[in-house]
There are 2 protein chains.
Amino acid sequence: MSIDKKTTIREVARFANVSIGTVDRVLNNRGNVSLEKEKAVKEAVAKLQYEPNRVAQSLAKQRRKVKIGITFPDVERYFWAKVKDGIDRAEKELQPLGVEFVVHTTSSYNIEEQVNALEALKNQGVHGICMVPHHFQKLNSTIDAYAEAGIPIITFISDSPESRRLAYMGVDDVKSGETAAKLMGLYLKGKGKILIFAIHREVLCIDERIQGFLHKLHSEFPEIEVMNVYDVSGGNHLYDYENYQDDVQHLTERILLEYEDLQGIYVTNSLTNYVGRAALSLGFQDKLSIIGHETTEDTRHLMATNTIDALVCQTPDIEVYYAAKQMYEYLAVPSKPLNLKFKRRSTILINELL
Amino acid sequence: MSIDKKTTIREVARFANVSIGTVDRVLNNRGNVSLEKEKAVKEAVAKLQYEPNRVAQSLAKQRRKVKIGITFPDVERYFWAKVKDGIDRAEKELQPLGVEFVVHTTSSYNIEEQVNALEALKNQGVHGICMVPHHFQKLNSTIDAYAEAGIPIITFISDSPESRRLAYMGVDDVKSGETAAKLMGLYLKGKGKILIFAIHREVLCIDERIQGFLHKLHSEFPEIEVMNVYDVSGGNHLYDYENYQDDVQHLTERILLEYEDLQGIYVTNSLTNYVGRAALSLGFQDKLSIIGHETTEDTRHLMATNTIDALVCQTPDIEVYYAAKQMYEYLAVPSKPLNLKFKRRSTILINELL
DNA sequence: CTGTTAGCGCATTCAT
DNA sequence: ATGAATGCGCTAACAG
C-alpha cells in the first residue's frame, strides 16, 4: 500500500531527461521520437509506475463525452430495477471522467424490439453498447454488424457466445442450475417428485440453468423425479402484456392442483415470486420445497413463511456496473486488454440470511 | 447529438457582473457574499443552466489531502489479503479526489498492539481511522477518546457496538451463525452429533456466530447434539507464533480421534481450512460434515473432495472498501449523514458454486 | 465582502 | 525530433 502520491507525467519527464511533450508522444505512440528517448521514457514509466490521471486527461482534451448505450428488458420491476441501480452507480463514478449513459429499455424479450433499441442507441451516437441478448444466437449477426461498424458490444446477465461481442459479464448459469439442484436435494432429503417451471429457453441463461439443474439432479439425486417441465412464458412474447405475472400465478395454481404427491418445484427465474404466491395461496407452503432464482418484492415474506426454501441469486447491479466500466476502459484505452469473460459467483439465499 | 457547450463558471460570473470567486462562494455556500450578489449569481446560474464540471472540480480539489488510517490484524494471509485488495481499490478510486491511505497492521489480536497501531496512525496525522476491534468492549474507551479528539473511527468486520464509533461495516454475524446451523441441519438431514471449534470469543463477530449457531440448532434441529465447544485459539495471543495453523490441524486430528460417532464440525472462522485438512488427512471426509466460514487457500480442494460441505463467507474486501468510502464521505462533507450501520449479507459457498 | 491568481495533470499547439 | 507554452473549468489562497 503505497503512501506516495501519484506520479505525474512531469516527474516521468524529469526522470527520463526529456520534456513532457516527448513523454506524451511515446505514451500515446504518436511516433516522432528517437529510439533511445523512447526507451528512456518507457523505463521511467515502469520504474515510477506511472499511470495517467484520467481526470486531468479528460479535462485537458475536453473529451467529447464518450457515450455508452445500455439496453435491457425492463419487464419485471424488482430484478431490473437493480440494473438501474448499477447504471446509476457507474454513472456517478464515470461522470467525472466524461462518460455519458444512454439507456433504452425494451418492454419484452422480443428480438425485433431489441434490434430497434440497438438502432436507437446507435442513432444517439453511442460509442459502445451493453446489452442483454434476447436470444442465444439470433442476435449474432446484429452484434457482429455493430462490431464491424465500430460500436463494440458487451453482453451482461445473458450471453450470445458465438457473436463477436467484446465480453460477457455475468454468472455461470450452468453452475447456478447445479446449485439449485443441490439445494433441492438437500431440502427434499434426497427424494421426491418435482416440477420445473421455465420460461423460454432461447435466452441462454435460462437454458443453461435447466441443463445444470437436470445434470446435477440425475447424477447426485437419482431418487428425485422430475415429472414435467412447464413453459410458463406464454409464448414468444413473454411479458408483452400487463398482467403476465398474475397469469403465471394462476397458471401455477392450476398446475399445482393437478399433481397429487408433489414435493418440489424449481423455477428458472424471478417468476419464483409468483409461483410462491400461488403455493402460499393454496396453503401448500409446508408440503412443497420451492427452489428458484432472484430476490423479488415478496422474497422476505415468502421465505419467512417457508414457502420458498432457497434462491440462487445474481447481482444484476454489479454486472451492469462492470459491463459499463469495462466498456469505458475499452473505449478510453483501446489498446489495453480487458477481461473477456468476467464470471461472478451466484449467491444462495435462505431465510436465515434475510 | 447534443452540442451543448457547457456554460462555465466564468460565463456565470460575467453574466452576474461578479467575479468567479464570488460565484464559487455562493455555489458552495461558503458565506461571505452580499445578499444582492448572491441573488444575481443564482439568477445567472438558473438562466444559463449552469452545472459545474465535475472533471475540473475533482482535478482542482485533489490538493486538499485527506488522510485515512486503516488497521487490522494481518494474521491469516488469505482472509486478510482480501482486505488489502479492498484498500487498494478504495485507494485507486479515491486518490484522484485527494485521499491518502495509511495502513498499520497488527500481527495478533492483542489489544495493546492494536492501541499502539492506533497511536501510530494518529501520529501520522490521519483524519479518520477504519479498524477491526480486537475486543468487543475493551477498546471502547480508546475509540471514544479518538472520537473526542476529532478522529472519527469506523469499525469493519467486527464491531465494538457500545463505543462511539461512527459506523460499522460488516455482516450480521448472528445470522451467519444461524445460516451455518441451517446448513449443518440440512447436510446431516436433521440428526447427529457435532463439535464446535471456536477461537476466542472476545472478538464480537465470533461470539455472535456461536450464539446464532446454537440458537438456530436448538430450535430447529433438536436431534442434533453439540457434544463440545473447543477453543482452538491457544490463549489470548492467538496467532502470535508462526505455525499456529499447523497446530490447529494437529489439535484437530487429536480431537477427531477421540470421538467415535461424530458426524459434524462447525468452525467459527477461517481456520476451517485447517480443520478440513485434518479431516482429510485422517480420511474422515465422507463421514463428517464440516461447516465453517471464509474461503481460504484450500477451499477448492477441500470442497471438491467433499471434506468441507459449506462455508458462510464475508467479503472483507468490500467491507473495508465501504468503510473507507464512508470515512471519506464523512471527512469530505461532514454535514452529510451516512449509513451508520451498513450490514452486508453473508454468502453461502458450496462446491457446486465453485 | 470581493476580486485576482496560481495551480490540479494532461493534451496540444507552436516554435525550434 | 523535441521542448516550451497555453489552457481545459474549477478551487483555494491571497490580496485588497
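Reminder, nothing fancy here: chain letters follow the sequence lines and each chain counts from 1.
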Inset, instruction - Starting at atom CG of A:Asn17, determine the distance to atom P of D:dA4, rounded to an integer number of angstrom. - result: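 For the pair A:Asn17 CG and D:dA4 P, the rounded distance is 12 Å.
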Legend entry - Atom-to-atom span, CG of A:Asn53 to P of C:dG9 - whole angstrom: 7 Å
Got a salt bridge between [X] and [Y], using NZ or NE/NH1/NH2 to carboxylate O under 4.0 Å?
X: A:Arg344; Y: A:Asp172; result: no
X: B:Lys42; Y: B:Glu38; result: yes
X: B:Glu294; Y: B:Lys82; result: no
X: A:Arg164; Y: A:Glu148; result: yes

Legend entry - Partner set under side-chain contact (heavy atoms from CB on, under 4.5 Å) for B:Ser163, not counting sequence neighbours: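 Once residues adjacent in sequence are excluded, the partners of B:Ser163 under the side-chain contact (heavy atoms from CB on, under 4.5 Å) criterion are B:Asn140, B:Ile143, B:Asp144, B:Ser160, B:Arg165.
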Inset, instruction - Starting from the first five and the last five pairs of the helix from C:dC1-D:dG16 to C:dT16-D:dA1, work out the angle between the resulting helix axes, to 10 degrees. - result: 50°
Given [N], is OP1 or OP2 found less than 4.0 Å from the side-chain N or O atoms of [X]?
X: A:Asn32; N: D:dA1; value: yes
X: B:Ser19; N: C:dG3; value: yes
X: B:Thr22; N: C:dG3; value: yes

Inset, instruction - Using heavy atoms and a sub-4.0 Å distance, could you list which residues of residues 34-44 of chain B are near DNA chain D? By number, please. - result: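 Hits under 4.0 Å, by residue number: none.
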Legend entry - Inter-residue atom distance B:Asp24.CG - B:Ile9.CD1, 0.5 Å rounding: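 Going from the CG atom of B:Asp24 to the CD1 atom of B:Ile9 covers 5.0 Å.
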Legend entry - Cation-aromatic face contact B:Lys67/B:Phe101, 6.0 Å, 45 degrees: no
Write down the protein N/O and nucleotide N/O pairs, taken from nucleotides 11-14 of chain C, whose separation is under 3.5 Å; answer none if there are no such pairs.
from	atom 1	to	atom 2	distance (Å)
C:dA11	OP1	A:Gln57	NE2	2.9
C:dA11	OP2	A:Asp24	OD1	2.8

Inset, instruction - Apply ring pair (Phe, Tyr, Trp, His ring centres under 6.0 Å) to A:Phe72 and list each qualifying residue two or more places apart in sequence or on a separate chain. - result: A:Trp80
Legend entry - B:Tyr322: ring pair (Phe, Tyr, Trp, His ring centres under 6.0 Å) partners, not counting sequence neighbours: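 Partners of B:Tyr322 by the ring pair (Phe, Tyr, Trp, His ring centres under 6.0 Å) criterion, ordered by chain and then number, come out as B:Phe342.
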Inset, instruction - Apply the test side chain to side chain contact (heavy atoms under 4.5 Å, CB included) to residues A:His127 and A:Ile68: give CA-CA distance (whole Å), side-chain angles for both, the deciding distance (0.1 Å), then the verdict. - result: CA-CA 6 Å; A:His127 305 309; A:Ile68 296 178; over 6 Å; no
Inset, instruction - Look only at the side chain of B:Thr315 and the backbone of B:Asp317, and say whether a donor-acceptor pair between them is shorter than 3.5 Å. - result: no
Inset, instruction - Could you work out which one of C:dG9, C:dT2, D:dG3 sits closest to the side chain of A:Val18? - result: D:dG3
